[in-house]
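Notes to accompany the following structure.
A, B, ... follow the sequence lines: proteins, then strands. Residue 1 opens every chain. No experiment lies behind these values; they were computed from the predicted model shown.
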Amino acid sequence: MNGSTTRRKFFGSAALLAAPLAAGTAVASEDLAARLAALEDANTIGALLRDWARGVVAGKAATPAANISGFTLDADVSITVAEDGTATASVPCVVETATPIDGNETLVEMARQQGDGIVRRAERRVLHGSFVKRDGSWHLASTELRA
Amino acid sequence: MQTIAYPKEQMHRFAYTKLTEAQIGAKLAGAAPKSASPLSSVFAGKLLRIVTDNGPTLTYRFTNNNHLSVAENDGRAVEAGYGALTIDDVALFSHLVPGTQRGYHVVVDQASGLATVFEVWFSGFTDNREVQREIYFGYVAEAGKEAPKARHALTNRAEGKGFHWTQDTGVQTLELYPSTFYSNFVELSRQGGELGFCAPTDYVKIDDELYIYSRVECEFSGVQTLYVFDANRAEQVGVRLGFDAADALEYYVFKGRGEWVGQLAQFEKFGDTAATPMPPPANGESLAKGARRVYRPMRNNWQMTKEEVAALTAKDVFGPPSPMAGNKGPVSDYLVGKQLTLRFDNGVAADYRFDTIEALQWRRPGESAWHEERYEAWESAPGVVMFGHLLTGAPQNDCYKLVADFDHGLVTCIHGTIGSRYIANEAQAETWFGVIEMEGTTPPKYRRHQFTDELVGRAVTWNYSPGLTSMHLYTTPHSLSWIIFGESGAGGMEWSGPASYVKIRDELYLAYWLEEACNGTLGTILVNLRTMHDCGIGYHCGKDGLRLSAMGAHARHAGRFDIAKFYQLKA
């Protein structure tokens, strides 16, 4: 482990998993166990974020924005793990919303009656998550959608 | 001697009798379809076993051309009168089940062996007289022959078509299909053809030329009109079942010949030929038998009493934009600083001073005091300005919606009032033609804007804001229909109301429609078919107050039915 920083950054979980564990002198000097632990942290945090996104669409998790109907995370998750047992992750994503049209005009009411009257949008955002490690396990502490 | 059969009350105003189940049962007893044409003997002496996918198996024994026995699901056979007619290889027959308020309309394609069965019944809704229906797809079972895999199916392939039909009964109608589950019909001979109406409709594809059309006049008489039509040759065979305005049973099969009057555009994605069947309930339950999407505006509890209208104090005059104004054009300052008089041919006149882009003053001739009102104006075409305002303190919550053509010195006013003799909070309208008098102009003595039928038959889509798009179908010189698009772009729910059209300039029309027996709104738009944009004003009185609101939408041409000729006065 590099003792010059208290944070470990990972960009792209897929690339991370594919990285050779002993590819050169510097890597060879790393503590293999610490490296494996870091990989496990990154994989766990990424999975937590994806599970949470699936839960939002399924209505099983609190939504970070109103009327979300779809939530697709990009593959590359940027994860920063701190020494204090916390971590942050960010991932570009596409947020789909289905927002009912307000109003009591005739057309709006008729659209509602036939099952429409909804504005659908898809926007690219960045999902930020904060994590905390308790009793050896990572937990999602908070999420935020940013432009 | 009057030769046109105008009704004393139009359908949306007529108080159809709330027939009881017992009354209906009595009227149906022993009933069999009549026919002006000779009945077909196509099935006489034959046995027919029709198997449907999710419905009954019907075993028929046809004694002759007007008598059959039927066993439902291999139960006890009962005898009934029937009538059959054919169009090429396709036969339609209809019968009731004695002792019940049920019956079947059956369409059999003898070439393919496929069959579509409409089970129909009365007393299945709050309004007993409204015919209910369930559609089953199946085939004619033949011993030793494998069941066909194909089926007739609901379709959007009839969407956009329109026909003028003349039945063998002499009845003439215009029937327009701008939706995948609604249609328009204009009763030319039964009711004089002043207004078009809408009804939920099923469209079934037999093949690329032959379709089944079935509408039920929900919220009106409840009558069902079902027919097989040939789109190429404009021929039909059908059945009509229900109770007319005098509560007499209409039950007959008919043949008809027609005229193809046009094809509107479809707005589904290319390649989408699917129907838009009613979605199942969100709770995961199955659709109830006979379920269909029906717009029933008079059951929405929007009506108010005279006392409630009189007690209203809330007003929303060009307040926060509604979804109907998402694409409205910029507010114009064209009128700011102007002083003028609008003088109409009916003797009404009003002096105006336009102080700002949203504040005007007006007064009647002889009045010394000015009335202040909030207004909005839009310059739809160079020199043509639409604006509107309330007449605060007027006895019927009056409003003026005006289109002033400063190049020609002409003005047309749609004078809106609240309260009809039917509903206290329903808007009504009058059209006034007149001139603009102001310094530096000399108005014409004889020329005026005029009523026009140039829009009749046209269909124009209007996108008001994201997710809210409708289509106007200008069905008659005196009515307009609006169609709500679904997410797929398929035409969906429809309704219609009395309307009027005034030509302002070439490709520039003033139209209003009254949402009578709907929600009482008076909609008024200035349609510019060069910019494909409108500006407009909604006028509504509801339990939340009196509202004058801006409208604005982007347009697309959706086609035109060649139907104006059917509305000409003939000697």
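Both the backbone and the side chain of B:P466 come within contact range of chain A, judged by heavy atoms closer than 4.5 Å. When heavy atoms are compared at a cutoff of 4.5 Å, B:E487 approaches chain A by way of both its backbone and its side chain. Contacts of A:L107 with chain B are made by both backbone and side-chain atoms, with heavy-atom separations under 4.5 Å.
Using a 4.5 Å cut-off on side-chain heavy atoms (C-beta onward), B:P297 and A:E109 make no contact. Counting only heavy atoms from C-beta outward, the side chains of A:Q114 and B:Y295 never approach each other to under 4.5 Å. Taking the side chain as every heavy atom from C-beta outward, A:R112 and B:I484 never approach each other to under 4.5 Å. The shortest side-chain heavy-atom distance between A:E105 and B:H540 does not fall under the 4.5 Å cut-off.
Taking B:D544, B:L468, B:T521 one by one and counting their heavy-atom pairs under 4.5 Å with chain A, the maximum is reached by B:L468.
The CG atom of A:D116 sits 9.5 Å away from the CE atom of B:M493 when rounded to the nearest 0.5 Å. From A:T106, atom OG1 reaches atom CH2 of B:W482 across 6.5 Å, with rounding to the nearest 0.5 Å.
Residues B:N300 and A:Q113 come closest through the heavy atom pair ND2-NE2, 3.9 Å. Taking every heavy atom of both residues into account, A:M110 and B:W495 meet most closely at CE-N, 3.7 Å.
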